[in-house]
> 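First, the structure itself, so that you have it in front of you.
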Amino acid sequence: MKLMGFYAAEKKHGSRSKKRKKRNFRPFLVLAIVLFLLGVLIWAVCAALDWWDSRVTNPVELEYIGDIPIYEQYILEGSPSRPGSKRLVEWIVIHETDNFRAGADAEAHAAFLSNLGEEDDPRSWHYTVDDHQIYHHLPDDEAAYHASDKLNPHGGNLNGIGIEMCVNEDGDYEQTLENTVQLTAKLLLEYNLRVGDIQTHQHFSPTDKVCPAKLLEEDRWEEFLERVEVARKEAREAEREAKRRAQEREDSILPGFLYDLIHDEEEA
């Protein structure tokens, strides 16, 4: 009887042990699902924020294009000519001023934009280029009124940087054109655009306005695009070389001033 009692107790004890070893994984499964869904939610929120940020361009503030100075003279906030809409830059839109009067250079056009009043038709663009200077009228991340397409999505006004080339009779048009080539190439690099993203005012105009007139009438548009592409590649290589030299200087065991002195002499 004692033995049977012993075996019975042992058997009973063993069954209890087995019951203890059997675990309920349901809470862990629920926790795993909750954590997974939380991760998906966090990812979705971050992706949405990144997408929203990508819809607005971070503007650059250029001071020179080569040795050509860029003067900042922004249209006043609240002006009818400055809608203030933040946007993604998708285009570079090329214009000519069609103002042949002597003295109608970039500075004169900056003054014109600054003097527009409430009674005037809203008009604005981002840069005016002449043969020796460039004026910057609006931050690049703001829409403007220059492409004749209102503020249509993906249009020239809402998503384009407007560049006006001066054609004043006392200016050097070929130098103005070259300055515009260099500015356009720099903007392509800054905003990760391609040559195919350069368009004429005519491209967006519902009335097919012939602008930039001189370039189009003289059949030089393709030449302009080719020159921009060459300038873009040269500017990109120059930036890469500058970064390489900066890294080489940082890694050098020489003091910075001595490194610069040696390499300046080598280049000379």
> Identify the heavy atoms of Leu116 and Ser81 that sit nearest to each other, and give their distance.
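Between these two residues, the closest heavy atoms are CD1-OG, 3.5 Å.
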> Please check if any side-chain donor atom of His201 sits under 3.5 Å from a side-chain acceptor atom of Ser148, or the reverse.
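Ser148 and His201 do have a side-chain donor-acceptor pair below 3.5 Å.
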> Scan side-chain atoms only and decide if Glu142 and Ser85 contain a donor-acceptor pair under the 3.5 Å cut-off.
no
> Look at the side chain of Asp197 and the backbone N and O of Leu193, then say whether any donor-acceptor pair between them is shorter than 3.5 Å.
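Flag not set: sc Asp197 to bb Leu193 has no pair under 3.5 Å.
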> Can you measure from SG (Cys166) to NE2 (His132) and round to the nearest 0.5 angstrom?
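Rounded to the nearest 0.5 Å, the SG-NE2 separation comes to 9.0 Å.
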> Could you check whether Arg220 pairs with Glu223 (Lys NZ or Arg NE/NH1/NH2 to Asp/Glu carboxylate O, under 4.0 Å)?
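Between Glu223 and Arg220 there is a salt bridge, with a charged N closer than 4.0 Å to a carboxylate O.
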> For Glu63, look at atom CD and say whether over 12 heavy atoms of other residues, nucleotides or ligands are found less than 6.0 Å away.
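It does not: Glu63 CD has 12 such atoms or fewer within range.
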> Do Trp91 and Leu151 belong to the same hydrophobic cluster, where Ile, Leu, Val, Met, Phe, Trp and Tyr are linked whenever their side-chain heavy atoms lie under 4.5 Å apart, directly or via other members?
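Result: no, two separate clusters.
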> Would a 4.5 Å heavy-atom cut-off, applied to side chains only, mark Val210 and Glu217 as touching?
yes
> What are the two closest non-hydrogen atoms of Cys211 and Thr200, and how far apart are they?
O-CB, 3.5 Å
> Closest heavy-atom contact between Asp67 and Pro69?
O-CD, 3.5 Å
> Please report the closest heavy-atom contact between Asp140 and His126, naming both atoms and the distance.
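Taking Asp140 first and His126 second, the nearest heavy atoms are CA-CD2, 4.0 Å.
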> Taking side chain as C-beta onward, heavy atoms only, is Leu177 less than 4.5 Å from Arg227?
yes
> Check Ala102 against Asp170 and note the closest heavy-atom contact, atom names and distance.
CA-OD1, 3.5 Å
> Between the side chains of Glu90 and His154, is a donor N or O closer than 3.5 angstrom to an acceptor N or O?
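On atom types as modelled, these side chains qualify, holding a pair under 3.5 Å.
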> With a 4.5 Å cut-off on side-chain heavy-atom distances among I, L, V, M, F, W and Y, is there a chain of contacts connecting Ile65 to Phe224?
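Same hydrophobic cluster.
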> State whether a side-chain donor-acceptor pair under 3.5 Å links Asp105 with Asn168.
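Asn168 and Asp105 do not have a side-chain donor-acceptor pair below 3.5 Å.
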> Can you list the steps and then say if Trp125 with His109 is a side chain to side chain contact (heavy atoms under 4.5 Å, CB included)?
CA-CA 10 Å; Trp125 54 91; His109 283 86; 4.2 Å; yes
> Between His137 and Ser124, do the side chains contain an N or O donor and an N or O acceptor separated by less than 3.5 Å?
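The answer is no; no qualifying pair exists.
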> Hydrophobic clusters here meaning ILVMFWY residues chained together by side-chain heavy-atom distances under 4.5 Å, can you tell me if Leu215 and Val228 are in one?
yes
> Taking Thr176 for the side chain and Asp172 for the main chain, is one N or O donor matched with an acceptor at less than 3.5 Å?
yes
> Between the side chains of Lys186 and Glu239, is the shortest nitrogen-to-carboxylate-oxygen separation below 4.0 Å, so that they form an ion pair?
yes
> If hydrophobic clusters are built by linking Ile, Leu, Val, Met, Phe, Trp and Tyr wherever their side-chain heavy atoms come under 4.5 Å apart, do Met165 and Tyr127 end up in the same one?
yes
> Around atom CD of Glu218, are there more than 12 heavy atoms of other residues, nucleotides or ligands at under 6.0 Å?
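Enclosed.
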> For the pair Arg87 (side chain) and Leu158 (backbone), establish whether a donor and an acceptor sit closer than 3.5 Å, ignoring hydrogens and angles.
yes
> Ignoring hydrogens and geometry, is there a side-chain-to-backbone donor-acceptor pair from His136 to Leu138 under 3.5 Å?
yes
> So Tyr191 and Val60, do their side chains get closer than 4.5 Å, heavy atoms only?
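Yes, close enough: below the 4.5 Å cut-off.
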> Between Ile134 and Tyr71, is any pair of side-chain heavy atoms under 4.5 Å apart?
no
> Please determine, by modelled atom types, if Tyr173 and Glu178 share a side-chain donor-acceptor pair under 3.5 angstrom.
no
> Quick check: do Val230 and Val181 have side-chain heavy atoms less than 4.5 Å from each other?
no
> Rounded at 0.5 Å granularity, tell me how far CD1 in Ile198 sits from CZ in Arg232.
9.0 Å
> Heavy-atom distance under 4.5 Å between the side chains of Ile94 and Trp221, does that happen here?
yes
> Working note: Ile161 + Val93, criterion side chain to side chain contact (heavy atoms under 4.5 Å, CB included); need CA distance, chi angles, decisive distance, verdict.
CA-CA 6 Å; Ile161 292 178; Val93 186; over 6 Å; no
> Locate the shortest heavy-atom distance separating Gly196 from Gln199; write the atom from each residue and the value.
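The answer is O-NE2, 3.7 Å.
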> What do the steps show when you test Ile68 against Leu183 for side chain to side chain contact (heavy atoms under 4.5 Å, CB included), and what is the final call?
CA-CA 10 Å; Ile68 302 299; Leu183 172 62; over 6 Å; no
> Using 0.5 Å steps for rounding, measure from the NE2 atom of His95 to the OG1 atom of Thr180.
11.5 Å
> Within the distance-only criterion (no hydrogens, no angle test), does the side chain of Asp130 pair as donor or acceptor with the backbone N or O of Ala106 below 3.5 angstrom?
yes
> Is the backbone of Ile75 close enough, under 3.5 Å, to the side chain of Arg82 for a donor and an acceptor to pair up by distance?
yes
> Using 0.5 Å steps for rounding, measure from the CD atom of Gln73 to the OH atom of Tyr135.
6.0 Å
> Answer whether the closest heavy-atom distance between the side chains of Ile92 and Ile163 falls below 4.5 Å.
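Yes, close enough: below the 4.5 Å cut-off.
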> Say whether Val129 and Phe100 are linked into one hydrophobic cluster, either directly or through other cluster members, by side-chain heavy-atom distances under 4.5 angstrom.
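The answer is yes; both residues are in one hydrophobic cluster.
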> Is the side chain of Asn159 donor-acceptor paired with the backbone N or O of Leu88 at a distance under 3.5 Å, no angle test?
yes
> Between the main-chain N or O of Glu164 and the side-chain N or O of Glu96, is there a donor-acceptor pair closer than 3.5 Å?
no
> Would you kindly say whether Gln182 and Asn179 are connected by a side-chain donor-acceptor distance under 3.5 Å?
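Looking only at side-chain atoms, Asn179 and Gln182 do not form any donor-acceptor pair under 3.5 Å.
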> Are Thr128 and Gln133 side-chain neighbours, meaning at least one heavy-atom pair lies under 4.5 Å?
no
> Tell me whether Glu241 at atom CD has more than 12 heavy atoms from other residues, nucleotides or ligands lying less than 6.0 Å away.
yes
> Can any side-chain N or O of Asn115 pair as donor or acceptor with the backbone N or O of Phe112 at less than 3.5 Å?
no
> Say whether, by atom type as modelled, one donor and one acceptor occur between the side chain of Asp149 and the main chain of Asn157 under 3.5 angstrom.
yes
